[in-house]
Amino acid sequence: LLDWTRFRTKLADQDDDWIHVSGAHPAEFPRLAEGLEVPPMLLTSRLGETSHARIDIVAGCTTLFFWVPRLTASGEVRRSGTLLIGRAQNLVTLTRGRSDLQRQVLEVLPAIGLADAPWFVRVVFALFRLLIQVHRSLVDRLEREVQHVEARPVPDTSPGFLEGLRALK
């Protein structure tokens, strides 16, 4: 559960902070929206299953919604919706599912340079770099699977072959 006192203190602090709320539940959206000073509908609409990637300015905040794909152990692609809200000195990311996005981005951050850029810009640039890496890895894996399917003889219509095609679709 989210420590509301710490959340509000961090938001009010003038230092550059990144607050990552992983596993945000819709029941928490009104309280989160109040603390972030954004309309509750922003969280509800962006963190729903049907939202699409977008950048907006809402209530004086820069918002960015994006999907982070990952491969499951069974080879399925799952995606996790993430809402980034940039405020004057804070960056807040919210995900419905469990995510270690903050750790992953902070690992990429030192390699990007941009020492003279504002903190917010460096973090968002590192986030984009991470998303490119994740997508590139996923595309590489899917490409290898397609090549494997293409290498099979044409008459092969076994259940395993057809199941493999359905998984790629």
Side-chain angles (χ1 to χ4, degrees), residues 1-74 76-141:
L1 285 176
L2 189 61
D3 179 340
W4 290 105
T5 304
R6 186 167 174 249
F7 180 73
R8 287 187 169 273
T9 302
K10 282 247 189 230
L11 286 177
D13 189 342
Q14 293 300 312
D15 293 333
D16 291 334
D17 285 313
W18 180 359
I19 303 165
H20 181 63
V21 181
S22 177
H25 191 274
E28 297 173 316
F29 290 174
R31 195 170 187 185
L32 284 166
E34 180 184 339
L36 292 166
E37 299 175 353
V38 297
M41 190 62 187
L42 173 70
L43 304 186
T44 304
S45 65
R46 297 299 185 275
L47 292 173
E49 292 299 315
T50 59
S51 191
H52 57 279
R54 62 184 298 151
I55 298 173
D56 289 308
I57 304 293
V58 177
C61 299
T62 302
T63 67
L64 170 64
F65 177 80
F66 54 94
W67 292 99
V68 180
R70 67 177 174 80
L71 284 173
T72 65
S74 66
E76 290 182 79
V77 177
R78 296 273 188 227
R79 60 186 193 156
S80 175
T82 302
L83 176 63
L84 176 148
I85 301 173
R87 300 168 39 97
Q89 73 282 357
N90 294 312
L91 175 67
V92 178
T93 47
L94 302 109
T95 62
R96 292 269 309 266
R98 296 286 172 210
S99 167
D100 63 349
L101 179 68
Q102 188 176 34
R103 179 195 57 78
Q104 292 174 311
V105 170
L106 292 175
E107 287 177 359
V108 173
L109 190 60
I112 65 158
L114 301 174
D116 295 333
W119 177 82
F120 178 82
V121 172
R122 291 192 324 263
V123 170
V124 171
F125 190 86
L127 171 67
F128 286 157
R129 170 101 25 110
L130 174 69
L131 289 173
I132 289 169
Q133 290 171 356
V134 168
H135 281 87
R136 181 177 290 143
S137 174
L138 181 61
V139 167
D140 287 349
R141 171 131 190 246

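Along the sequence shown, the residues carry numbers beginning at 1.
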Of all residues at least two apart in sequence or in a different chain, which pass the salt bridge (Lys or Arg N to Asp or Glu O under 4.0 Å) check with [X]?
X    : result
R79  : none
R103 : D100, E107
R31  : none
D56  : R46, R54

[X] to [Y] - nearest heavy-atom pair and separation:
X   : Y   : answer
E37 : A59 : O-CB, 3.5 Å
L47 : G81 : CD2-O, 3.9 Å
A24 : L32 : CB-CD1, 4.3 Å
E28 : G23 : OE1-O, 4.4 Å
P30 : P40 : CA-CB, 4.4 Å
L91 : G86 : CD1-CA, 4.4 Å

Trace of the side chain to side chain contact (heavy atoms under 4.5 Å, CB included) decision for T63 with L84: CA-CA 5 Å; T63 67; L84 176 148; over 6 Å; no
Side-chain heavy-atom pair L83, L42 within 4.5 angstrom cut-off: yes
Test side chain to side chain contact (heavy atoms under 4.5 Å, CB included) applied to C61 and V38, step by step: CA-CA 8 Å; C61 299; V38 297; 4.2 Å; yes
Reported OG-to-NE2 distance for the pair S99 and H20, which is rounded to 0.5 angstrom: 3.5 Å
Distance in Å, T82 OG1 paired with L64 CG, rounded so as to fall on 0.5 Å steps: 9.0 Å
Flag if over 12 foreign heavy atoms under 6.0 Å of CG, D116: no
Sequence neighbours excluded, every pair satisfying ring pair (Phe, Tyr, Trp, His ring centres under 6.0 Å) that has a member inside residues 53-72: F65-W67
Trace of the side chain to side chain contact (heavy atoms under 4.5 Å, CB included) decision for T93 with Q102: CA-CA 8 Å; T93 47; Q102 188 176 34; 5.6 Å; no
Give the table of side-chain donor-acceptor pairs shorter than 3.5 Å for residues 119-134, with sequence neighbours excluded, one pair per line with atom names and distance.
| residue | atom | partner | partner atom | Å |
| --- | --- | --- | --- | --- |
| R122 | NH1 | A117 | O | 2.8 |

CA sep, side-chain torsions, deciding dist, call: I85, L94, side chain to side chain contact (heavy atoms under 4.5 Å, CB included): CA-CA 8 Å; I85 301 173; L94 302 109; 3.9 Å; yes
Side-chain donor/acceptor of S80 to backbone N/O of V68, under 3.5 Å: no
